[in-house]
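For reference, the structure discussed in these notes is given below.
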Amino acid sequence: MTLTIYNTLTRDKKPFEPIAAGTVRMYCCGVTVYDYCHLGHARSYIVWDTVRRYLQWRGYQVQYVQNFTDIDDKIIRRSQEEGLPWQEITRKYIDAYQEDMGRLNILPADAYPKATDVMPQIIELIKTLIDQGYAYPVDGDVYYAVERFPAYGKLSGRKLEQMEAGASERLETEAVAKKRHPLDFALWKAAKPGEPEWDSPWGKGRPGWHIECSAMVREWLGDRIDIHSGGEDLVFPHHENEIAQSEAALSQPLANVWMHNGFVKIRGDKMSKSLKNFTTIRSLLETTDPMVVRLFVLQAHYRSPIDFTEDAIAAAENGWNTLKEALKYRVNFEQLPGWPEIDTLEQASVDRFNAAMDDDFNTPIAMAVLFELAKDLRRAGNVLVHTGQSDLSVEQLQQKWQTLLRLSQVLGLEISSLSEPELTDASTNGNIMAGLSDAEIEALIQQRQEARKAKNFAEGDRIRNELQAQGITLIDQPGGETRWHRH
RNA sequence: GGCGGCAUAGCCAAGUGGUAAGGCAGGGGUCUGCAAAACCCUCAUCCCCAGUUCGAAUCUGGGUGCCGCCUCCA
């Protein structure tokens, strides 16, 4: 089986071949840190985290770098509004980012470079572009000359003339006057009074948005990388401009594969900062299990748009419960005599999972494999709880469970405290009511049986409710026997 | 105006020529004093029209509708 990936640049799926066998160098465009992250960010980084996890699962060593844009107009504005130094703004939102992503079980990147960390490299790159005739300084600004780069537009599939015609009414006349071509973009912006500034050969100022990524990719991963990823909205102009900068300066492709994730929509519209219709990750996580968010995201293909609705989240919630139950049923299985400590997986499921993921990371199909395993396990687990025996062999159960656990991890779907004591023994969970011993429970059940025998169902139900409140579920079985289990 | 994407059951979502995965919700049933849990069964011909083909959700042409990008944005 070969992993195939859709490449925005070529607009088709092709077998993936890393530049260096066995290693994948991947750069993901991060956030501008001036506000809390919203669900759109959550989707994007869940997707790239899953891509990264799958590449690792397939045996690649992945170098994953993601930047923070920590200097730009919005940060400056925010800093002025709040009367705080820009460094405090960015630190606050970088911390918030890390916290949010951690809760979503997104693995930390190998490096999180910041734009302000690579100022010398940025200046060096701009110099190179000027020397080679791709850029020109004007009044302390430096612009990239798009007409000098014939391939400009190749990523987003447009031609300069089309864009110029379409955008002409929107371009700021002030900036246009300085530019040789209306679509030339800033590599360096002269600082206005009071703004953060860095020294440069063109005067004090700060980098434009796109140049930082060109500099950071090169600094951390090299002149040419395997995968460059980001949201669909970065295709133009951000990634187009990165290509123009890096490829003009270094005379080779910046990235072999360009990947872009689809948007999160809310009530049919794109969720975005500018539309102010976003739900922040942290507010969503107040009421929603992070794994539910993850499942919601992965139930759609990463390139399709997804619509965020109450119903969709509720459905994902129920779906996660199904998986969670199955993952937790180990607790029951482990009571089986001969629960083997084996580490083999159910190959048929693994094969189907891999085939799905190899096809441009088709997580909806991969999820279907998980659900089928989970339903098998849940059924077997419940039969076990209810009857004391299983219709599957212990080895089969173990293998299915192991497979589900392992494949779920590849998608980042995990019960964080799976190995914690609370799951292996609810009675030690510090719950006062859980202090009931098995014998006490048995005694109460006995009392209930007496009551039921005497048709005193009110009393019987009272005992059952009382036990239920303490986390103990009773199952009346045909034949009169009552089984129970903690949960 | 230019470029691009999408349209599959109540909802979400796979499927790109061989007779519709999976999830959620729903209906019916088994079990029960009633429950709970579980189990079993059940629930679509794929936006419309016209073609190509032995055969199309899948290809072609034409419609209709929705969305995105072209401006900061994951």
Side-chain angles (χ1 to χ4, degrees), chain A residues 8 11 28-32 34-35 37-48 69 72-74 153 156-159 161-172 183 209 229-238 240 260-265 268-275 278 295-296 299-301 303-307 309 311-323 325 352 356 359 362-372 374-375 378-387 452 455-458 460-461 464-465 468 473-478 483 485 487:
Chain A
T8 306
R11 298 185 186 260
C28 174
C29 278
V31 288
T32 300
Y34 69 101
D35 202 353
C37 288
H38 57 64
L39 233 198
H41 300 110
R43 178 188 196 185
S44 191
Y45 299 118
I46 286 170
V47 163
W48 306 126
T69 295
D72 94 319
D73 293 348
K74 293 183 293 294
S156 50
R158 324 155 192 248
K159 296 186 168 55
E161 313 82 70
Q162 296 171 342
M163 290 189 278
E164 194 180 350
S168 56
E169 70 220 47
R170 270 181 283 230
L171 294 168
E172 303 165 44
L183 285 161
W209 173 36
S229 67
E232 200 173 39
D233 47 352
L234 297 184
V235 174
F236 190 92
H238 186 57
E240 195 72 71
H260 295 94
N261 66 276
F263 291 126
V264 174
K265 298 195 299 176
D269 291 324
K270 175 185 168 183
M271 177 182 289
S272 77
K273 291 284 179 74
S274 49
L275 292 178
F278 55 90
L295 189 145
F296 166 68
Q299 269 200 308
H301 184 84
R303 285 190 280 118
S304 307
I306 51 177
D307 207 355
T309 61
D311 286 353
I313 289 296
E317 213 143 50
N318 289 327
W320 171 239
N321 279 335
T322 298
L323 289 181
E325 290 298 309
R352 280 204 297 147
D359 182 16
N362 196 327
T363 54
I365 292 182
M367 293 285 309
V369 175
L370 297 194
F371 273 110
E372 283 165 26
K375 291 230 160 171
R378 191 175 65 169
R379 186 183 52 73
N382 278 302
V383 169
L384 181 66
V385 165
H386 285 241
T387 68
R452 293 173 71 212
K455 303 278 183 206
N456 186 355
F457 294 119
D461 290 350
R464 183 171 64 195
N465 291 340
Q468 185 65 50
T473 298
L474 303 189
I475 301 116
D476 294 331
Q477 295 192 290
R483 299 182 61 87
H485 66 99
H487 55 103

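Keep in mind that this is a model prediction, so the values were computed, not measured. In what follows, chains are A, B, ... by sequence order, proteins preceding strands, each numbered from 1. Scope of the values below: all heavy atoms of this structure, side chains included, with no hydrogens, waters or symmetry mates.
Under the 4.5 Å side-chain criterion, counting only non-hydrogen atoms from C-beta, A:P364 is in contact with A:N362.
At least one side-chain nitrogen or oxygen of A:N362 sits closer than 4.0 Å to the OP1 or OP2 atom of B:G15. Under 4.0 angstrom from either OP1 or OP2 of B:G4 there lies no side-chain N or O belonging to A:T8. Phosphate proximity of B:G23 to A:N318: absent, as no side-chain N or O sits under 4.0 Å from OP1 or OP2. Between A:S156 and B:G4 there is no side-chain N or O to OP1 or OP2 distance below 4.0 Å.
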Measure all distances between protein nitrogen or oxygen atoms and nitrogen or oxygen atoms of nucleotides 31-33 of chain B, and list the pairs falling under 3.5 Å.
residue	atom	partner	partner atom	Å
B:G33	N7	A:R452	NH2	3.2
B:G33	O6	A:R448	NH2	3.4
B:G33	O6	A:R452	NE	3.3
B:G33	O6	A:D461	OD1	3.4
B:G33	N1	A:D461	OD1	3.0
B:G33	N2	A:D461	OD2	3.1

Restricting to nitrogen or oxygen on both sides, can you table the protein-nucleotides 37-42 of chain B pairs closer than 3.5 Å?
residue	atom	partner	partner atom	Å
B:A37	O2'	A:N382	OD1	3.2

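Under the Watson-Crick or G-U wobble criterion, with both distances below 3.5 Å, B:U60 is paired with B:A50. Pairing for B:G65 goes to B:C6, judged as Watson-Crick or G-U wobble with the two contacts each under 3.5 Å. With both pairing distances under 3.5 Å, B:G1 is matched to B:C70 as a Watson-Crick or G-U wobble pair. When both pairing distances are held under 3.5 Å, B:U16 makes no Watson-Crick or G-U pair with any nucleotide shown. Base pairing of B:A21 is not made with any nucleotide, judged by Watson-Crick or G-U wobble geometry with both donor-acceptor distances under 3.5 Å. For B:G26, the paired base is B:U42 (Watson-Crick or G-U wobble, both distances below 3.5 Å).
Atom-to-atom, NE2 of A:H301 to P of B:C12 comes out at 18 Å; the value is rounded to the nearest Å. For A:I365 and B:G22, the CD1 to P distance is 11 Å, given to the nearest whole Å. Atom CZ of A:R303 is separated from atom P of B:A14 by 10 Å (rounded to the nearest Å).
A gap of 34 Å separates the C1' atoms of B:G65 and B:C54, to the nearest Å. With both ends at atom P, the span from B:G29 to B:C6 equals 43 Å, rounded to whole Å. Here, B:A21 and B:U45 have their C1' atoms 16 Å apart, quoted to the whole Å.
Ion pairing of A:R352 with A:E372 is present here, as a side-chain N (NZ or NE/NH1/NH2) and a carboxylate O approach within less than 4.0 Å.
Residue contacts shown for A:P364 include a base, since a base heavy atom lies under 4.0 Å away. The residue A:V47 sits apart from the nucleic acid: no heavy atom pair falls under 4.0 Å. Residue-level contact check: A:S304 touches the backbone only, with heavy atoms under 4.0 Å from sugar-phosphate atoms and none from bases. Using a 4.0 Å heavy-atom distance criterion, A:F296 is classed as making no nucleic acid contact.
Ring geometry, A:H41 versus A:H38: the interplanar angle falls from 30° to 60°, so the pair is classed tilted.
With B:G4, B:A13, B:A74 as the candidates, the nucleotide lying closest to the side chain of A:R11 is B:G4.
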_A:S272/A:F263 under side chain to side chain contact (heavy atoms under 4.5 Å, CB included): CA gap, chis, key distance, verdict_ = CA-CA 9 Å; A:S272 77; A:F263 291 126; over 6 Å; no
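By the side-chain hydrogen bond (donor to acceptor under 3.5 Å, both in side chains) test, A:D73 is found to be paired with A:K189, A:R206, residues two or more places apart in sequence or in another chain being considered.
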